Structure formats: structure tokens, C-alpha cells
Amino acid sequence: MKLNRNWLAIPTGLAIALTSATVAFANPIQTPLPNPISVTGQSGGTQSSSCGYIASTPNQVVRVTEAFTSLRFKVESGGQPTLMITNSAGRSQCVMADSFSGGTIEIPGIWDQGPYSVFVGDRGGNSHTYTLTITQGN
């Protein structure tokens with residue numbers, strides 16, 4: 001029996017796409033945080049949103065395991081960075097860097113228990129290396 005190897009391209013391509021799309025979900029950050037955590041990545045994406053251009057999947061997922069946790073999200077990037085954080089109910093908050101911030105954005109706050117999707121975008125639709133630092137406490 002002669003096998004047609006072309007049929008392997010579809011499942012292989014699907015496996016690669018699913019693997020790369022779930023990278024952010026594979027390594028969620030979970031509270032409590034003993035020390036500040038920093039991660040790097042590429043800002044921007046192909047989806048136009050009210051918070052600039054973002055990726056179709058979050059750059060990072062943060063799971064808050066206790067109620068009313070004090071967290072500070074800080075992004076440093078080139079270009080025109082944006083930071084959007086969305087909770088499991090779909091409520092988002094967005095902060096955009098201004099001309100005085102030098103590409104740095106901070107969102108401090110008290111966060112309720114649950115998962116949060118963090119998107120690092122870019123208003124200009126470009127891609128830049130960013131550093132996201134998450135600190136727990138004051």
C-alpha cells in the first residue's frame with residue numbers, strides 16, 4: 001500500500017500553531033510572589049483594539065490566588081507601548097505611555113482573586129522588545 005505523505009502537513013501545522021498559541025498560558029504567574037518577577041517579550045500584534053495593536057493571545061497570564069492582592073504591573077518598551085489587563089469577566093483596563101513616560105507604563109492596584117490576561121501592545125502597530133515586571137505589595 002502506497003502512503004500519501006501530504007496528509008501529514010495538516011496535523012503537523014495544526015500542532016505547531018496550537019503549541020505556539022498557548023505559550024503564555026503554559027507559564028502563568030501565580031501569587032503570592034516572593035520577589036518581583038520580570039519577563040520579556042515582543043509588544044504589539046495584528047489585532048486593532050482600543051488599547052493599540054495587541055496579540056491575539058495574552059503576553060502573560062497572572063493568577064491571583066487570594067482576594068484583594070496588591071500588585072504593580074510595570075512595562076518598559078520602545079515605540080508607543082500600551083498595557084491592557086483583562087479579568088475573567090472581560091473587563092479591561094488600558095494605560096498608554098505618554099511623551100513624558102519614556103516608554104514606561106505602571107498600573108498599581110488591588111486585584112481580586114482570579115485570572116488576568118496581560119497584553120503589551122503598541123499604538124503604532126510596531127513590535128518592540130519589552131520588559132514586564134510584576135511586584136506584589138506596596
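Owing to the predicted nature of the structure, the values given are computational and were not obtained by experimental measurement.
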Got a sec, which pairs hit salt bridge (charged side-chain N to carboxylate O under 4.0 Å, His left out) with one end in [range], sequence neighbours left out?
range            : value
residues 47-58   : none
residues 106-119 : Arg72-Glu106
residues 34-53   : none
residues 30-40   : none

If you look at every heavy atom in [X] and [Y], which pair is closest and at what distance?
X      : Y      : value
Arg123 : Ala97  : NH2-O, 2.8 Å
Pro115 : Arg63  : CB-NH1, 3.8 Å
Pro81  : Asp122 : N-OD1, 4.0 Å

Point to revise | Those residues that, when tested against Ser99, pass side-chain contact (heavy atoms from CB on, under 4.5 Å) (two or more places apart) | key: none
Other than [X], what residues sit in its cluster of Ile, Leu, Val, Met, Phe, Trp and Tyr side chains whose heavy atoms are under 4.5 Å apart, directly or through others?
X      : value
Ile54  : Met84, Phe119
Ile110 : Phe68
Val62  : Ile29, Leu33, Ile37, Val39, Val64, Leu71, Phe73, Val75, Leu83, Ile85, Val95, Ile105, Ile107, Trp111, Tyr116, Val118, Val120, Tyr130, Leu132, Ile134

Exercise for review: Only pairs at least two apart or in different chains count here, so list each disulfide bond (SG atoms under 2.5 Å apart) that has a residue in residues 36-82.
Suggested key: Cys51-Cys94
Check your understanding: Thr65 and Gln30: side chain to side chain contact (heavy atoms under 4.5 Å, CB included), yes or no, with the steps?
Key -> CA-CA 7 Å; Thr65 60; Gln30 184 168 308; 3.3 Å; yes
Review point. Considering residues at least two apart in sequence or located in another chain, which fulfil the side chain to side chain donor-acceptor pair (under 3.5 Å) criterion with Ser38?
Key: Thr133
Review point. Do Glu66 and Thr31 have a side chain donor and acceptor closer than 3.5 Å?
Key: yes
Review point. What pairs of residues pass the side-chain hydrogen bond (donor to acceptor under 3.5 Å, both in side chains) test when at least one of them lies in residues 40-49, not counting sequence neighbours?
Key: Gln42-Ser127, Gln42-Thr129
Practice item. Hey, could you give me each pair passing side-chain hydrogen bond (donor to acceptor under 3.5 Å, both in side chains) that has a residue in residues 75-88? Not counting sequence neighbours. Key: Thr86-Ser92
